[in-house]
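Per chain, numbering begins at 1; letters A, B, ... match sequence-line order. Quick caveat, the model's predicted, so the values are computed rather than measured.
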2 protein chains.
Amino acid sequence: MAAASIKEVARHAGVSLGTVSNVLNRPNRVAPATRQRVLDAIAELGYVRNDSARQLRAGRSRTIAIVVLDVANPFFTDVVRGAEQVVEEAGAMLVVCSSGEDRARERRHLELLEEQRVRGVLITPVGLGSQPHLQRLNSRGIPVVLVDRGSGGASCCSVAVDDVLGGRLAMDHLLAQGHRRIAYLGGPFSIPQVADRHAGAAAALAAYGEPGELRVAATDTLTVSAGRRAAAELVSLPLRQRPTAVFCANDLIALGVLQELTTRGLRVPDDIAIVGYDDIEFAGAAAVPLSSVRQPREQLGRTAAQLLMEEAEGGATHRHRHVVFQPQLVVRHSSDRPRR
Amino acid sequence: MAAASIKEVARHAGVSLGTVSNVLNRPNRVAPATRQRVLDAIAELGYVRNDSARQLRAGRSRTIAIVVLDVANPFFTDVVRGAEQVVEEAGAMLVVCSSGEDRARERRHLELLEEQRVRGVLITPVGLGSQPHLQRLNSRGIPVVLVDRGSGGASCCSVAVDDVLGGRLAMDHLLAQGHRRIAYLGGPFSIPQVADRHAGAAAALAAYGEPGELRVAATDTLTVSAGRRAAAELVSLPLRQRPTAVFCANDLIALGVLQELTTRGLRVPDDIAIVGYDDIEFAGAAAVPLSSVRQPREQLGRTAAQLLMEEAEGGATHRHRHVVFQPQLVVRHSSDRPRR
DNA sequence: CAAGCTGCATGAAACGATTCAGAAGGGGGT
DNA sequence: ACCCCCTTCTGAATCGTTTCATGCAGCTTG
């Protein structure tokens with residue numbers, strides 16, 4: 001019942017504390033016969049290491065944390081899967097925390113993680129306001145890797161996809177399809193990805209030579225229901241102001257828009273074309289298969305975790321690195337040239 | 001740099017160890033002036049509690065774990081969200097582990113969690129083989145709540161949705177739409193949900209009075225790509241053996257089937273009708289809006305977490321409870337009566 | 001004024017694992 | 001017989017907290 005300690009195992013096997021510890025950590029330093037006796041005792045007592053004690057002594061834990069904006073977003077679940085592979089290979093444990101795009105929750109999580117002396121943190125920060133807390137972790141010797149978030153200075157490693165380029169790809173495509181009144185749906189703009197994708201789109205429009213309009217409809221979160229609400233507003237615009245295409249900050253928003261437009265009897269892409277972002281697995285299976293900007297999600301997670309492990313082992317010799325992946329536009333039917 | 005300990009804080013503030021600890025844990029037992037001095041010292045040194053030491057002393061941690069079959073499955077992410085609410089309200093931390101439907105991974109996770117002396121475990125076990133490990137946790141005083149998994153004996157609390165009923169609802173619907181050659185897609189059957197939903201479907205067919213066929217196409221996992229593969233096989237059957245409707249063990253499979261059938265030029269529901277399970281958010285936004293059996297996902301998570309907290313606090317007085325929710329069939333277009 | 005409180009602060013004793021200097025015993029070499 | 005080395009094992013010290021018995025003032029109370 002009461003969890004057996006190493007001490008009881010030692011007594012049971014007729015050896016000392018240190019010997020049991022050796023069996024556990026450096027089995028080859030112990031004579032086979034003794035080792036077996038200890039192992040038997042462990043089995044008999046149902047002994048299980050107490051990780052708290054072990055960590056206390058070691059000064060740090062074997063768990064890595066990943067703090068994402070939203071656990072329910074398929075983009076992040078794929079990133080998590082990628083990271084998981086690498087972390088588990090290294091014999092560590094990955095814990096997933098969700099900030100829900102909420103600064104306070106993010107802060108609370110980081111505090112708890114610091115109390116737990118985690119080995120490292122992978123994070124997609126809610127905004128730039130997180131910088132000080134991350135700095136603090138770093139100064140404590142806890143490596144931090146920014147996920148899907150450019151440099152942020154040279155203060156830590158980062159893994160990102162070029163969101164400005166992604167925005168440009170999407171916008172260029174819509175312009176080429178003949179659209180001139182285009183809306184960008186997404187938010188909050190405090191999330192860097194949201195801002196960058198918009199910046200890319202705006203740059204593409206500016207570079208295009210012909211006049212056009214990029215209206216912004218900010219949402220307060222990046223979810224399907226936020227997309228539905230934004231679409232409802234869009235539709236209520238007078239017809240001549242209503243955009244003929246929307247570029248959404250992520251696929252969840254895009255799917256919400258698609259749903260809302262469809263239930264209101266508007267046709268996609270004929271009345272309004274849509275381009276999403278992330279190319280989540282469901283994008284291709286949508287009512288109208290969604291054009292979307294694809295990101296290498298699992299690879300993002302894998303690479304981030306690798307950088308982290310590298311920094312955690314490397315120690316002093318470590319140099320921060322910034323890996324940037326290129327996004328890729330996947331054209332499906334939601335952005336087909338409208339028949340008019 | 002080096003993490004300051006409570007001892008250094010004490011020295012800095014000119015008080016004893018115990019006083020600092022009191023400021024941290026029972027502030028009102030300390031005279032305001034002293035308290036302030038300690039708080040200043042804490043701020044100045046950037047002291048952060050060492051959770052390992054605290055746990056070691058306390059004998060248990062403040063984290064709760066949830067072990068799901070697949071982090072990327074929207075069903076589970078919603079369950080997680082529900083559980084998160086309750087757990088965080090109680091001031092604890094939820095860590096998410098994914099077994100990936102793999103027994104070995106599940107076992108490894110449970111072992112690590114046991115080493116960490118977690119406060120409790122919410123789990124959707126891969127199969128019945130997990131029973132002994134859960135028993136063991138329980139006998140160690142770590143409460144376990146089974147999620148989305150019926151009783152499993154009276155050895156722990158459980159929260160579930162009546163999967164047999166869900167299977168029956170789906171099957172009754174398909175039979176009522178005139179289908180007689182129906183396939184059940186899903187697997188592995190070692191996952192109880194998969195087996196129960198099938199059992200419900202089989203029972204419904206048996207009870208229907210008219211002859212009909214329920215062919216089983218087992219998949220090795222519950223993902224979109226497994227659904228695609230299963231559909232490909234189905235289509236390769238000679239026409240007169242090919243089912244006119246499929247009931248899928250979850251929506252991911254169903255979406256995969258829908259995708260594969262569509263790319264192969266088969267029409268849903270006219271050539272083959274589909275009913276899914278879970279009614280995830282994407283089901284309604286699919287190419288053909290998916291009929292599906294809805295489960296109260298977040299509530300499942302919330303209730304499970306509540307039962308767990310209750311058991312963790314309640315101690316000896318606790319009585320295991322088994323909460324069962326009723327599923328509900330949501331009919332959309334993927335199971336419309338075929339026009340022939 | 002002694003006795004008994006109350007309020008605050010103290011510091012030693014856990015918690016359970018790891019580590020490390022050193023003891024014990026057994027060979028081998030001279 | 002002696003010395004030294006090697007393998008194997010020992011047990012005390014340590015990590016940072018929490019808790020608890022204890023000490024010490026300064027009050028009230030009879």
Side-chain angles (χ1 to χ4, degrees), chain A residues 1-39 41-42 45-63 111-112 114-119 140-141, chain B residues 1-39 41-42 45-63 111-112 114-119 140-141:
Chain A
M1 170 90 255
S5 77
I6 219 178
K7 202 185 296 184
E8 298 177 62
V9 174
R11 196 158 45 82
H12 212 78
V15 298
S16 77
L17 287 194
T19 303
V20 178
S21 178
N22 279 333
V23 170
L24 258 29
N25 302 302
R26 325 207 248 320
N28 49 330
R29 298 263 164 95
V30 179
T34 319
R35 193 194 311 152
Q36 195 51 52
R37 220 152 16 104
V38 172
L39 289 176
I42 288 178
L45 295 174
Y47 165 78
V48 173
R49 251 207 199 93
N50 182 326
D51 205 48
S52 314
R54 193 230 260 275
Q55 278 180 209
L56 171 58
R57 187 70 235 265
R60 64 199 162 122
S61 76
R62 279 154 34 250
T63 76
E111 275 164 9
L112 278 176
E114 194 177 349
E115 286 191 6
Q116 302 194 22
R117 305 289 194 268
V118 289
R119 188 68 165 282
R140 266 209 182 258
Chain B
M1 175 85 254
S5 77
I6 221 179
K7 202 185 295 183
E8 297 177 63
V9 174
R11 195 157 45 81
H12 212 78
V15 298
S16 77
L17 285 194
T19 302
V20 177
S21 178
N22 278 333
V23 170
L24 258 29
N25 301 305
R26 326 209 247 320
N28 49 330
R29 298 266 163 93
V30 178
T34 320
R35 192 193 312 151
Q36 194 53 51
R37 222 155 12 106
V38 172
L39 289 176
I42 287 177
L45 295 175
Y47 166 77
V48 173
R49 249 205 201 95
N50 183 327
D51 206 49
S52 314
R54 193 231 259 279
Q55 277 179 209
L56 171 57
R57 186 68 235 262
R60 63 198 163 123
S61 78
R62 280 153 35 249
T63 77
E111 273 163 11
L112 279 176
E114 193 177 349
E115 286 191 7
Q116 302 193 23
R117 305 291 194 265
V118 289
R119 188 69 164 282
R140 265 208 182 258

For D:dT10, does OP1 or OP2 lie under 4.0 Å from any side-chain N or O of A:T19?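 The answer is yes; a side-chain N or O of A:T19 sits under 4.0 Å from OP1 or OP2.
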Chain A footprint on DNA chain C, 5' to 3' - any atom under 4.0 Å from a heavy atom: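 The contact span of chain A on DNA chain C goes from C:dG16 to C:dT19.
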What pair of heavy atoms forms the shortest contact from [X] to [Y], and how long is it?
| X | Y | result |
| --- | --- | --- |
| A:S61 | A:V118 | OG-CA, 3.5 Å |
| A:K7 | A:L17 | CA-CD2, 3.5 Å |
| A:R140 | B:A4 | NH1-N, 4.5 Å |

Among A:V30, A:I6, A:V9, find the one that has a side-chain contact (heavy atoms from CB on, under 4.5 Å) with A:V23.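 Running side-chain contact (heavy atoms from CB on, under 4.5 Å) over A:V30, A:I6, A:V9 with A:V23 returns exactly one hit, A:V30.
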Carefully, step by step, assess A:V38 and A:R35 under the rule side-chain contact (heavy atoms from CB on, under 4.5 Å). CA-CA 5 Å; A:V38 172; A:R35 193 194 311 152; 5.8 Å; no
Just so I know, are the side chains of A:T19 and A:R37 near enough to count as touching, which here means a heavy-atom distance under 4.5 Å?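 When only atoms from C-beta onward are counted, A:R37 and A:T19 do not touch, as no gap falls below 4.5 Å.
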Compare all side-chain heavy atoms of B:R62 with those of B:Q55 and state whether any distance is below 4.5 angstrom.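 Sidechains of B:Q55 and B:R62: no contact.
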Verdict with supporting geometry, B:N50 and A:R117, side-chain contact (heavy atoms from CB on, under 4.5 Å): CA-CA 7 Å; B:N50 183 327; A:R117 305 289 194 268; 3.8 Å; yes
Write down the protein N/O and nucleotide N/O pairs, taken from nucleotides 15-19 of chain D, whose separation is under 3.5 Å; answer none if there are no such pairs.
residue, atom, partner, partner atom, Å
D:dT17, OP1, B:Y47, OH, 2.6
D:dT17, OP1, B:N50, N, 3.4
D:dT17, OP2, B:I6, N, 2.5
D:dT17, O5', B:Y47, OH, 3.2
D:dT18, OP1, B:R49, NE, 3.4
D:dT18, OP1, B:R54, NH1, 3.4
D:dT18, OP2, B:S21, OG, 3.3
D:dT18, OP2, B:N25, ND2, 3.2
D:dT18, O2, B:R57, NH1, 2.2
D:dT19, O4', B:R57, NH1, 3.3

Please produce a list of atom pairs where a protein N or O lies less than 3.5 Å from an N or O of nucleotides 24-27 of chain D.
none

Please evaluate residues B:R54 and B:N25 with respect to the criterion side-chain contact (heavy atoms from CB on, under 4.5 Å), reporting the C-alpha separation (whole Å), side-chain torsions for both, the decisive distance (0.1 Å), and the verdict. CA-CA 11 Å; B:R54 193 231 259 279; B:N25 301 305; 4.0 Å; yes
Are there over 12 heavy-atom neighbours, none belonging to A:R11, within less than 6.0 Å of that residue's CZ?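 For A:R11, atom CZ is not crowded (no more than 12 foreign heavy atoms under 6.0 Å).
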